[in-house]
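Here is the structure we will look at.
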Protein chains: 2
Amino acid sequence: MEIKEKVYTDKQERVAKYSKALGHPVRVFIMDFLVKNADKCCYSGDMAEELPIARSTLSQHLKELKEAGLIQGEINPPYIKYCINKTGWSEAKELLVTFFNR
Amino acid sequence: MEIKEKVYTDKQERVAKYSKALGHPVRVFIMDFLVKNADKCCYSGDMAEELPIARSTLSQHLKELKEAGLIQGEINPPYIKYCINKTGWSEAKELLVTFFNR
DNA sequence: TATTTGTTTCGTAATTAGACGAAATACAAA
DNA sequence: TTTGTATTTCGTCTAATTACGAAACAAATA
């Protein structure tokens, strides 16, 4: 088990991860939408109505945001309520703001 | 000439553009490096020494950051001095900070 | 003029992302 | 039990990203 030398700091990798997740206008739109409606949580269909993409494509974008830890979905079939993942969201905020303020 | 309905706001598109540019650890490393050495500007070779990637690959990442408007290169053959593009950098900062603070 | 030097561009290959429609899923209601 | 509904997963396609080494570049120097 060799110890690999670390090139990028943990912070750099997390900044990259969150940035990548936000690197598409659909995903920025989703985050905006969820922040704006933070009180009520949202269904995939609510967003689908405002987006010019197939529902399956939206679903993929939601999955990516979920995997990055920025949102979470609460299953409530046949609906799925989406909302901001507060932990990930505030970590991303903290990291990015620190990244820019130096 | 039909007028296409706009789905994403200009801000959303710019947030996505800058985020995408920062969506790779090498590029986050480069920005960190340039901010840290903002006084002296930097050569590609300075960064290449600290990165485990081919110089041509680094060059590609530099190009992406340049195209996103986050850095600029001043040619000074055979060197190229890189530094932060203050305009783009502060726009990105403004956009991202606003994006997270709402 | 030929060489050296730091960097980029080119050509190529492998992987990942983004998009769609069709099919699957999981529960509610009829 | 069948039907309906909202959403996801699957299969597939195309395009973009990431990576490399070789070749090209542009100016300084021998």
Side-chain angles (χ1 to χ4, degrees), chain A residues 4 7-8 12-13 15-31 33-34 37 40-83 85, chain B residues 4 7-8 12-13 15-31 33-34 37 40-83 85:
Chain A
K4 182 128 170 271
V7 177
Y8 314 110
Q12 285 170 339
E13 280 178 354
V15 167
K17 182 191 78 170
Y18 288 122
S19 297
K20 190 177 182 185
L22 296 174
H24 192 289
V26 167
R27 297 196 290 269
V28 175
F29 176 98
I30 293 169
M31 296 311 298
F33 191 96
L34 292 182
N37 299 292
K40 45 181 181 289
C41 283
C42 312
Y43 302 119
S44 162
D46 298 339
M47 296 180 263
E49 277 167 22
E50 305 193 25
L51 290 169
I53 58 173
R55 273 150 203 269
S56 54
T57 305
L58 170 58
S59 196
Q60 265 182 205
H61 286 298
L62 288 166
K63 191 177 168 192
E64 274 181 66
L65 287 170
K66 210 188 311 172
E67 281 169 2
L70 286 173
I71 66 173
Q72 60 198 158
E74 184 192 315
I75 296 171
N76 183 18
Y79 298 93
I80 296 185
K81 270 200 214 169
Y82 279 103
C83 50
N85 179 331
Chain B
K4 183 129 170 269
V7 177
Y8 314 110
Q12 286 170 338
E13 279 178 355
V15 167
K17 181 191 78 170
Y18 288 122
S19 297
K20 189 176 183 185
L22 296 174
H24 191 290
V26 167
R27 296 195 292 268
V28 175
F29 177 97
I30 293 170
M31 295 312 297
F33 192 96
L34 292 182
N37 299 291
K40 45 181 182 289
C41 282
C42 311
Y43 302 121
S44 161
D46 299 338
M47 297 180 261
E49 277 167 22
E50 304 192 27
L51 290 169
I53 58 173
R55 273 149 203 268
S56 54
T57 306
L58 170 58
S59 196
Q60 264 182 206
H61 285 297
L62 288 167
K63 191 178 168 191
E64 272 182 65
L65 288 170
K66 210 188 310 172
E67 281 170 1
L70 286 172
I71 67 173
Q72 59 197 159
E74 184 192 316
I75 296 173
N76 182 16
Y79 297 93
I80 296 184
K81 270 199 213 171
Y82 278 104
C83 50
N85 177 331

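Just so we're on the same page: letters track the sequence lines, and every chain starts at 1.
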D/dA16, OP1 or OP2 - any side-chain N/O from B/H24 closer than 4.0 Å? no
Need one value for A/K66: base, sugar-phosphate or nothing, where a base atom within 4.0 Å counts as base even if backbone is also close, heavy atoms only. nothing
Just N and O in the side chain of A/S44: are any of them under 4.0 Å from OP1 or OP2 of D/dT8? yes
Could you tell me how far apart A/L62 (CG) and D/dA6 (P) are, to the nearest whole angstrom? 16 Å
To the nearest Å, how far apart are A/K63 NZ and C/dT16 P? 14 Å
Rounded to whole Å, NZ of A/K17 lies from C1' of C/dT16 at a distance of 18 Å
D/dT17 phosphate, OP1 or OP2, under 4.0 Å from A/K20 side-chain N/O: no
side-chain N/O B/T57 vs D/dT18 OP1/OP2, d < 4.0 Å: no
Strictly below 4.0 Å: does A/R55 bring a side-chain N or O up to OP1 or OP2 of D/dT9? no
Between atom CD1 in B/I71 and atom P in C/dT7, what is the gap in whole Å? 13 Å
Reckon B/H61 has a side-chain N or O less than 4.0 Å from the OP1 or OP2 of D/dA19? yes
For A/D46 and B/L58, take the nucleotide of DNA chain D holding the closest heavy atom to each; which residue's nucleotide lies nearer the 5' end? A/D46
Rounded distance (Å) that lies between atom P of C/dT8 and atom CD of B/E74: 14 Å
Within this structure, what is the NZ-CG distance for the pair A/K63 and A/L58, rounded to the nearest 0.5 Å? 13.5 Å
Under 4.0 Å between any heavy atoms, over every strand shown, what does B/E64 touch: base, sugar-phosphate, or nothing? Just pick one. sugar-phosphate
Output the rounded distance in Å from CZ (B/R27) to C1' (D/dA16). 12 Å
Would you name the heavy atoms of B/L70 and B/M31 that are closest together and state the gap between them? O-CE, 3.7 Å
Out of C/dT7, C/dC20, C/dG11, minimum distance to the side chain of A/I53 belongs to C/dC20
To the nearest angstrom, the OH-C1' distance between A/Y82 and D/dA6 comes to 11 Å
When the ring planes of B/Y8 and A/F29 are compared, do they come out parallel, tilted or perpendicular, using 30° and 60° as the limits? perpendicular
Is B/S59 close enough to C/dT8 that one of its side-chain N or O atoms is under 4.0 Å from OP1 or OP2 there? yes
Least distance between heavy atoms, A/L62 atom then A/I71 atom: O-CD1, 3.5 Å
Between D/dT7 (P) and A/I30 (CD1): distance, integer Å: 13 Å
Spacing of B/C42 atom SG and B/N37 atom CG [to the nearest 0.5 Å]: 4.5 Å
